[in-house]
2 protein chains.
Amino acid sequence: MEEKSISTEEKIKAAARTIFTRKGYAATKTRDIAEEAGMNLALLNYYFRSKEKLFSIVMAENLKKLFGILAPTLNDKSKSLDEKIAYIATSYIDMLFLNPDLPLFVLSELRQNPVWLRETLNVDAYVIGSHFMQQLQEKKKDINPIHFLMSFLGMLIFPFAARPILQGTAALTDEQYNQLMEERKKLIPIWLKCMLE
Amino acid sequence: MEEKSISTEEKIKAAARTIFTRKGYAATKTRDIAEEAGMNLALLNYYFRSKEKLFSIVMAENLKKLFGILAPTLNDKSKSLDEKIAYIATSYIDMLFLNPDLPLFVLSELRQNPVWLRETLNVDAYVIGSHFMQQLQEKKKDINPIHFLMSFLGMLIFPFAARPILQGTAALTDEQYNQLMEERKKLIPIWLKCMLE
DNA sequence: GTCTATAGAGGGATAGAC
DNA sequence: GTCTATCCCTCTATAGAC
């Protein structure tokens, strides 16, 4: 409620987001978060009741970031199928550039605790039942549109989830990796178009 | 060295594989492994020196399972590009059916500790420098073949990594999910062929 | 080889001074 | 609001009986 408190609370939340998202719930120590935030451990429990409470806030934010981008575009009836695909490919890769740890974090933690999905946002309505999925179904009547959604997201997300492996084994510099991801903004829509012919 | 010991040792290793692969290193308690193995906690440390030692064995096995399938086929010079793709799609999906937690486990743990890759198997030589990659390069001279590898693996792996989300949001029964994965054995090669035209 | 009991460290949470 | 000191539980690892 005080002036200072807002800044401190935000600092803790930012630190928690960083550490939790990078290491996951179990591997994260509250002491690490405090250190990252540049302050004492006791403040975590002063502002947020517990490690778990802090985590749930971070998780909700991350889920929103990961699905929030998707839902509005998927249901934008003014956009054609191709336009949706091109727009999502670009904006999703841009978002993943800024939040590279997000996909693996969400996939891992959600596997342990699938409850989150229902509680925070109802993805089923806005993703599975979206205008985008209807357009896919129309275009390819004999194939379940979920197939295309899985492939689309897989092509977008996998290179970020597997970045350490890719860079390690293919000996890619950061510049080379970044350039590849830039190229994918154009390539993935081309590929999807071809898959839908 | 005794007769009984082999069985017990294997039981522990199997339990460790299950729990570690499902929950990751940090979230796994040695007590859980002991319970899963149906025996006492002290036996873990009798057969394997520590939690970490046991983990490294499981990790090595999992890495081998995940990449071991790939390497021989990727370098089989008697197989055409299309044959390689078709064979890998089928065998990889079959393997993932049996080990659904494998990809997320390896991706997550490797992110924390990229050392593993170099130590256990040199993926760079057998995957990045494979005959498969050469074939891709020849077929599409103006596109980095890593793009196709990323998309191929993404399309194969993502549906398994995201299974809880998919099943939860799309309200898929296990049968429906399994059928989708079966369909992908044929669809993914068709899609890749089209991407390579 | 297998068990029970316990040592010892680490980490989440709180008390209480300022 | 912020800090130090500390409680207390959980978890890994080991000692020692059988």
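Remember, predicted model here, so these are calculated numbers, not experimental data. Chain A is the first sequence line, chain B the second, and so forth, proteins listed ahead of strands; every chain is numbered from 1. Worth knowing before you read on, the calculation uses all heavy atoms, side chains too, and leaves out hydrogens, waters and symmetry mates.
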Just to be sure I understand the geometry, which residues of residues 24-34 of chain B put a non-hydrogen atom under 4.0 Å away from DNA chain D?
T28(B), K29(B), T30(B), R31(B)
I need the NZ-C1' distance between K51(B) and dG10(C), as an integer number of Å.
12 Å
What is the distance, to the nearest angstrom, from the CE atom on M39(A) to the P atom on dG1(D)?
13 Å
Sequence neighbours excluded, every pair satisfying side-chain hydrogen bond (donor to acceptor under 3.5 Å, both in side chains) that has a member inside residues 18-37 of chain B:
T21(B)-N62(B)
Residue list, side chain to side chain contact (heavy atoms under 4.5 Å, CB included) with Y46(A), at least two apart or on another chain:
none
Interatomic distance, Y46(B) OH vs dA17(D) P [rounded to whole Å]:
17 Å
Y47(B) side chain near dT2(C) phosphate (N/O to OP1/OP2, under 4.0 Å)
yes
Integer-rounded Å distance: dG16(D) P and N40(B) CG
17 Å
Regarding D82(A) and S80(A), do their side chains bring together a donor and an acceptor under 3.5 Å, going by distance alone?
no
Does T8(A) place a side-chain N or O at less than 4.0 Å from the phosphate oxygens OP1/OP2 of dG1(D)?
no
Which pairs pass ring pair (Phe, Tyr, Trp, His ring centres under 6.0 Å) with one or both residues in residues 158-177 of chain B, sequence neighbours excluded?
F97(B)-F160(B)
Can you check the F48(A) CZ to dG12(C) C1' distance for me, whole Å?
16 Å
Please answer: with hydrophobic residues joined when any side-chain heavy atoms are less than 4.5 Å apart, are I57(B) and Y47(B) in the same cluster?
yes
Gap between atoms NZ and C1', on K53(A) and dA13(C) respectively (whole Å):
17 Å
Partner set under side chain to side chain contact (heavy atoms under 4.5 Å, CB included) for A71(B), not counting sequence neighbours:
Y126(B)
Let me know the distance between CD of E52(B) and P of dT12(D), rounded to the nearest Å.
12 Å
What is the nucleic acid contact for L44(A), judged by heavy atoms within less than 4.0 Å: base, sugar-phosphate only, or nothing?
nothing
Nearest-Å distance for atom pair CG/P, residues L43(A) and dC18(C):
18 Å
Excluding sequence neighbours, so at least two apart, what forms side chain to side chain contact (heavy atoms under 4.5 Å, CB included) with A16(B)?
F20(B), I33(B), L54(B), V58(B)
So, OP1 or OP2 of dA13(D): does either fall under 4.0 Å of a side-chain N or O from N45(B)?
yes
Starting the side chain at C-beta, find the nucleotide from dT2(C), dT12(D), dT4(C) nearest to L41(B).
dT12(D)
